[in-house]
Amino acid sequence: MTEQKLYQFCDTMAASEYRSLIRPFLDISTLSARLKAEECISTEFSMCDGSWHRMLFTVKKGMSLEM
């Protein structure tokens with residue numbers, strides 16, 4: 001459900017040329033593996049209105065990455 005909402009956001013709010021780059025970033029099924037070696041990961045993209053935004057996933061200290 002969460003991943004579907006994130007994809008819906010991507011498909012309606014992100015500029016079309018960034019959607020194919022944002023979707024892999026929003027893939028919750030690979031998030032744990034991507035955060036194993038990093039405290040946070042981020043990406044920047046343009047919205048349909050031309051404004052720029054950054055998405056960030058971060059690990060809370062002491063939090064398990066197992067899903």
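Note that the structure is predicted; figures quoted are calculated from it, not measured. Atom set for the values below is all heavy atoms of this structure, side chains included, hydrogens, waters and symmetry mates excluded.
- Atom CD of residue E38 and atom OG1 of residue T58 lie 10.5 Å apart, to the nearest 0.5 angstrom.
- Looking at residues two or more places apart in sequence or on another chain, you find a ring pair (Phe, Tyr, Trp, His ring centres under 6.0 Å) between F25 and F57.
- Hydrophobic clustering keeps W52 apart from L56 (ILVMFWY residues linked when any side-chain heavy atoms are closer than 4.5 Å, directly or through intermediates).
- With a 4.5 Å cut-off on side-chain heavy atoms, D27 and L6 do not count as touching.
- Around CE of M47, the count of heavy atoms belonging to other residues, nucleotides or ligands within 6.0 Å exceeds 12.
- Applying the side-chain hydrogen bond (donor to acceptor under 3.5 Å, both in side chains) criterion to T30, with sequence neighbours excluded, gives R34.
- At least one side-chain heavy atom of L35 sits less than 4.5 Å from a side-chain heavy atom of I41.
- Note on residues 43-58: pairs passing salt bridge (charged side-chain N to carboxylate O under 4.0 Å, His left out), not counting sequence neighbours, are E44-R54.
- In terms of the side-chain contact (heavy atoms from CB on, under 4.5 Å) criterion, residue partners of I22 (sequence neighbours excluded) are, by chain and number, C10, A14, Y18, L26, F45, M55.
- Listed by first and then second residue, the side-chain hydrogen bond (donor to acceptor under 3.5 Å, both in side chains) pairs involving residues 5-17 are E3-Y7, D11-R23 (not counting sequence neighbours).
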